[in-house]
Amino acid sequence: VTSDKRVFILTRSAFAGQQRYGANSWSGDIQSDWGVLRNQIPAGLNFSLCGIPYWNTDIGGFVSCNNFPQGVNDPAFHELYVRWTQFGAFTPMMRSHGTCTPREIYQFGERGSWEFDALERSIRLRYRLLPYMYATAWNIRSNGDTFMRALVMDFPGDTAVHDLSSEYMFGRSLLVAPVTRPMYVDKAGNVNLDALQ
């Protein structure tokens, strides 16, 4: 117990009032799956609506071996991981974490490959957002605000957003609409490179 250090707890469980403590919850040991990725958005928004502003998801899903037994050797996993990383850049804590396959950026090709370049852009964007995030964190501490904002929080008069769980505000200024369905890799793992250009 000291005022010389900032305490930070990473936990997979949360409770009402947890926002008083230096804690970040994550959504648990989830599967690498497009449906699970889609469900992470309302999960994070519901945490925020409950007054708990610090939440994240394991980028790429924690358990990849069930749906992607070849891991980083599977082009379909590459697309899922890239899209999850893009979403993760707009969560309170950007954290790549999982089992069954490595997650380092260099495991997804090299500069010039679509996967590597997309991941690098997301990581660099996250670093550029740090001043915005620190300002948002100050607003959370000072005014009880939150990072991930269900659109109904900012646009309560718009009935179209009352049950919208596919996009959200990140802080007060950025609208985020993650891609949560495969677009470029078919079920056989064939990559449509023309679609990536």
Side-chain angles (χ1 to χ4, degrees), residues 1-28 30 37-61 81-98 103-105 116-180:
V1 177
T2 175
S3 61
D4 297 334
K5 296 180 182 178
R6 290 190 286 178
V7 175
F8 182 77
I9 301 166
L10 183 59
T11 176
R12 77 174 81 196
S13 301
F15 55 90
Q18 179 169 293
Q19 65 273 18
R20 291 185 304 238
Y21 306 101
N24 187 102
S25 299
W26 86 96
S27 58
I30 54 178
L37 170 58
R38 280 190 294 281
N39 289 337
Q40 297 309 291
I41 299 168
L45 295 178
N46 284 325
F47 257 76
S48 293
L49 286 165
C50 289
I52 301 174
Y54 291 97
W55 173 91
N56 77 289
T57 177
D58 287 340
I59 291 175
Y81 188 79
V82 164
R83 295 306 188 182
W84 215 310
T85 300
Q86 292 168 337
F87 163 58
F90 295 96
T91 60
M93 181 179 180
M94 184 180 186
R95 178 174 174 252
S96 178
H97 180 60
R103 309 297 173 106
E104 297 88 0
I105 187 173
F116 186 100
D117 291 352
L119 292 169
E120 184 178 36
R121 279 192 301 272
S122 293
I123 294 166
R124 290 186 183 280
L125 174 61
R126 177 66 174 209
Y127 276 98
R128 285 198 324 268
L129 286 172
L130 285 178
Y132 175 78
M133 294 179 62
Y134 271 93
T136 301
W138 179 89
N139 204 28
I140 290 167
R141 169 66 177 88
S142 301
N143 301 311
D145 212 346
T146 192
F147 275 106
M148 294 178 70
R149 302 178 60 79
L151 294 182
V152 70
M153 297 171 78
D154 293 305
F155 309 101
D158 185 349
T159 57
V161 303
H162 285 184
D163 195 28
L164 187 63
S165 62
S166 60
E167 54 190 82
Y168 59 96
M169 297 297 291
F170 186 61
R172 295 281 180 152
S173 302
L174 299 174
L175 176 65
V176 180
V179 175
T180 59

Closest non-hydrogen contact found for I52 with F15 is CD1-O, 3.8 Å
Atom of I41, atom of P178 and distance for their closest heavy-atom approach = CD1-CG, 3.7 Å
Tell me, do M153 and Y168 make a side-chain contact under 4.5 Å, heavy atoms counted?
-> no
Please say which of T146, N139, D145 ends up in a side chain to side chain donor-acceptor pair (under 3.5 Å) with N143.
-> N139
Side chain to side chain contact (heavy atoms under 4.5 Å, CB included) between T136 and F170, worked out = CA-CA 9 Å; T136 301; F170 186 61; over 6 Å; no
From L45 CG over to M169 CE, what is the distance, rounded to the nearest 0.5 angstrom?
-> 12.0 Å
Side-chain donor or acceptor of R103 paired with backbone N/O of Y81 under 3.5 Å = no
With the side chain counted from C-beta on, respond yes when R126 and I123 share a heavy-atom pair under 4.5 Å apart, and no when they do not.
-> no
Quick one: closest heavy-atom pair of R95 and N56, and the distance?
-> CB-ND2, 3.5 Å
Which is it for T91 and F147 under the side chain to side chain contact (heavy atoms under 4.5 Å, CB included) test, yes or no, and what are the steps along the way?
-> CA-CA 7 Å; T91 60; F147 275 106; over 6 Å; no
How are the rings of W55 and F87 set to each other: parallel, tilted or perpendicular (split at 30° and 60°)?
-> tilted
Any T85 side-chain heavy atom under 4.5 Å of M94 side chain = yes
Write down the atom of S122, the atom of Q86, and the distance for their closest heavy-atom approach.
-> OG-CG, 3.3 Å
How long is the span from the OG1 atom in T159 to the CG atom in L164, to the nearest 0.5 Å?
-> 11.5 Å
Shortest non-hydrogen contact between S25 and A14, atoms and distance = OG-CB, 3.5 Å
Can you measure from CG (L10) to CE (M93) and round to the nearest 0.5 angstrom?
-> 5.0 Å
Should R12 and W26 be marked as a side chain to side chain contact (heavy atoms under 4.5 Å, CB included) after you check the CA-CA gap, both sets of side-chain angles, and the distance that decides it?
-> CA-CA 5 Å; R12 77 174 81 196; W26 86 96; 3.7 Å; yes
Non-hydrogen side-chain atoms of R149 and S48 separated by less than 4.5 Å = no
Side chains of L129 and F90: does their closest heavy-atom pair fall under 4.5 Å?
-> yes
Taking only residues two or more places apart in sequence, or in another chain, which ones meet R141 in a salt bridge (charged side-chain N to carboxylate O under 4.0 Å, His left out)?
-> none
Donor-acceptor under 3.5 Å (R38 side chain, T180 main chain) = yes
Side chain H162, main chain P156, donor-acceptor under 3.5 Å = yes
Could you check if a side-chain atom of E167 sits within less than 4.5 angstrom of a side-chain atom of L175, using non-hydrogen atoms only?
-> yes
Between I30 and D58, the two heavy atoms sitting closest are CD1-O, 4.3 Å
